[in-house]
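This report refers to the structure that appears directly beneath it.
Order of the sequence lines fixes the chain letters, A, B, ..., with proteins taken first and strands second; residue numbering starts at 1 for each chain.
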Amino acid sequence: MTAYEQALAEFAPVLGLETHVELGTASKMFCGCATTFGAEPNTQVCPVCLGLPGALPVVNEKAVESTIRIGLALHCTIATWCRFARKNYFYPDMPKNFQTSQYDEPLCVDGHLDVEVDGEVVRVEIERVHLEEDTGKTLHVGGATGRITGASHSLVDYNRAGIPLVEIVTRPVAGTGVRAAAVAKAYVTELRDLLRGLDVSDVRMEQGSMRCDVNTSLHRAGEPWGTRTETKNVNSLRSVERAVRSEVERQAEVLRRGERVVQETRHFSEATGATSPGRVKDDAADYRYFPEPDLVPVAPDPAWVAALRAALPAPPSVRRKQLVAQLGLSDLDAQAMVNAGVLDVVLATVEAGAPAAEARNWWLGALAQRANETGVEPAELPVTPAQVARVVALVAEGTLNAGLARQVLDGVLAGEGEPDDVVAARGLAVVSDTGALGEAVDAALAAHPDVADKVRGGKVQAVGALVGAVMRATRGQADAATVRALLLERLGVEG
Amino acid sequence: MSQITRDEVAHLARLARLALADDELDGLAQQLDVILDAVAAIGQVTDAADVPPTTHAVPVENVTRPDVVTPSLPRDVVLAGAPEAEQDRFRVPRILDEEA
């Protein structure tokens, strides 16, 4: 029994998940500045998002629409009237000294998301979905490796400040027992897939466009719920699971010693998989929320909301079933892909033109292996389903063989561009031109006269060693069948 | 009737990052009391319970803009407003010190 299983045999967990999602709008929440990721620092800012005196924010209608669509997809009730609120705090990531958010009047309330864990459906209730703005990015200087602790000063880039941000908050999730970590991960995965299906965000956890805060507490059966901690900015699906495990183990230790869990914000370290204490949490009242006087109330027209509801895409669970059926995949196959977290990317790869079997083999094989090596989920690898489909097509048309295809995908993963760019830059196309192969074939025959004699003597299968030599000499770029035929022809042996 | 305690003023001052001396805390507690008493007069309006709090002077809803990108400020103009700049970013004092 692991320390985690031991902890959950002794204590019952209660989880809460707060997920922040940057909407994929072209412009910011309250001004027309662009939202392009990775732009030069402070080039996408204006008087409104810098909070300069006299600047007047105006709500981005697309952001409101996207938030309502998210709420509808999560079975929420949509507010008929609500306001933005100021959340006051002093921290240099917001130049205004407040964040425009929503407080007691969120756009969407009371929804749910069903997730599947070990073949069982777990309903995660959604308390609220509200709209706010993202904060700037701080860079801490003078301390150890960019840590805020010990830094001499910090540098702020406000490009991200003011990008529409949706916060999705669950109700406490209790009764999951030992599946707590798996439920947390399944919830975030399902939410990501749902948001991707709605096309409201690019949901790139590694780029921070989707971030998760995980609340965890433990209590003994029959006793009231324990004090919770909030683990901030858990930035990959795998980390969601690891953060829950680590915090469950830590809190169980604390409680066993007869001590109390301190209510605090904790930071998750990707490197160690453990959490460490952050600042002690301010009471909500300390933010001195009040209705934002510069923005008028939002009152979504019920007819508009009904139209948005009618136009929602099928939820991921339904879409998956449809596609699995269309492709003739077996339930077992589909389940294997769900477990590996690749079903959606496999289906997307098929939609991009690849045969189902090829798509499945790549994502469950070479790509799953690469993901494992780098400690991320396959779907989080920096390769798109369209790029995988293109590699599959290059193999089908004979430009690449299986080995070269792997090299091309490694090139894509290394950021060398599209598959065709990698083929061109690395010179990876299959050499099937018999003239060009002739030299390598002659060299192999000259280097291994004993093998050549065996083949001439009737041991045709020995030709494999010669094929291998030619493949090595051509760095895998030859077509093995062509090489074999060429060798046998030179040796005067019938294949 | 004193409604605001000295401790509450000290707490508010900390949240607002104001350094107040002890004698200032007492004086401000009294002044805030006067302000609260003045505002409390609204509570004497007989049917105030039926009137929702006013947060906007003009009864307007749904003022929005289309999701269209408009030009941002040139960076040199942006950073000219910063107390200090470094690496094209706003340079701010150490953060954690202040919170401790």
Kindly indicate whether the side chain of [X], heavy atoms from C-beta on, has any atom under 4.5 Å from the side chain of [Y].
| X | Y | value |
| --- | --- | --- |
| B/Leu73 | A/Pro47 | yes |
| B/Asp88 | A/Asn42 | no |
| B/Phe90 | A/Leu50 | yes |

Euclidean distance, B/Leu15 CG relative to A/Tyr287 OH, rounded to 0.5 Å: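 If we round to the nearest 0.5 Å, A/Tyr287:OH and B/Leu15:CG are 10.5 Å apart.
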Original post:
With distance as the sole criterion, is a donor-acceptor pair present between the side chains of A/Ser154 and B/Arg89 under 3.5 Å?
Top reply: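 No, no side-chain donor-acceptor pair sits under 3.5 Å.
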Measure [X] against the heavy atoms of chain B and call it side chain, backbone, both or neither at under 4.5 Å.
| X | result |
| --- | --- |
| A/Ser152 | backbone |
| A/Glu40 | both |
| A/Lys137 | neither |
| A/Pro291 | side chain |
| A/Tyr158 | side chain |

* Among A/Cys49, A/Cys46, A/Pro92, single out the residue with the greatest number of heavy-atom pairs under 4.5 Å to chain B. =>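 The option with the most such pairs is A/Pro92.
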Between A/Val45, A/Val298, A/Asp157, A/Thr43, the one whose heavy-atom pairs under 4.5 Å with chain B are most numerous: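 Of the candidates given, the most pairs with chain B belong to A/Val45.
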Check: Of the backbone (N, CA, C, O) and the side chain (C-beta and beyond), which part of B/Val92 lies under 4.5 Å from a heavy atom of chain A, both, or neither?
Finding: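 Both backbone and side chain of B/Val92 come within 4.5 Å of chain A.
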Quick one: what part of B/Pro66 sits under 4.5 Å from any heavy atom of chain A, side chain, backbone, both or neither?
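Both backbone and side chain.
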With chain A, which of [options] has the greatest number of heavy-atom pairs at distances under 4.5 Å?
| options | result |
| --- | --- |
| B/Leu12, B/Val58, B/Val63 | B/Val63 |
| B/Glu84, B/Arg91, B/His11, B/Glu61 | B/Arg91 |
| B/Ser72, B/Ala57, B/Ala82 | B/Ser72 |

Is the CG atom of B/Asn62 crowded by more than 12 outside heavy atoms at less than 6.0 Å?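 Check passes, neighbour count above 12.
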Return yes when atom CZ of B/Arg6 has more than 12 non-hydrogen atoms of other residues, nucleotides or ligands closer than 6.0 Å, and no otherwise.
->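 Yes.
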* I would like to know whether A/Leu139 and B/Gln87 meet side chain to side chain contact (heavy atoms under 4.5 Å, CB included); could you show each step before the answer? => CA-CA 10 Å; A/Leu139 200 68; B/Gln87 296 176 38; 4.0 Å; yes
So does [Y] get a backbone contact from the side chain of [X], meaning a donor-acceptor N/O pair under 3.5 Å?
| X | Y | value |
| --- | --- | --- |
| B/His56 | A/Leu295 | yes |
| B/Asp67 | A/Lys62 | no |
| B/Arg75 | A/Pro41 | yes |

**Least distance between heavy atoms, B/Arg65 atom then A/Phe30 atom** =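 Where B/Arg65 meets A/Phe30 most closely, the heavy atoms are NH1-C, 3.8 Å.
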Q: Would you please test B/Arg94 and A/His153 for side chain to side chain donor-acceptor pair (under 3.5 Å) and show each step?
A: CA-CA 4 Å; B/Arg94 186 199 308 223; A/His153 61 280; over 6 Å; no
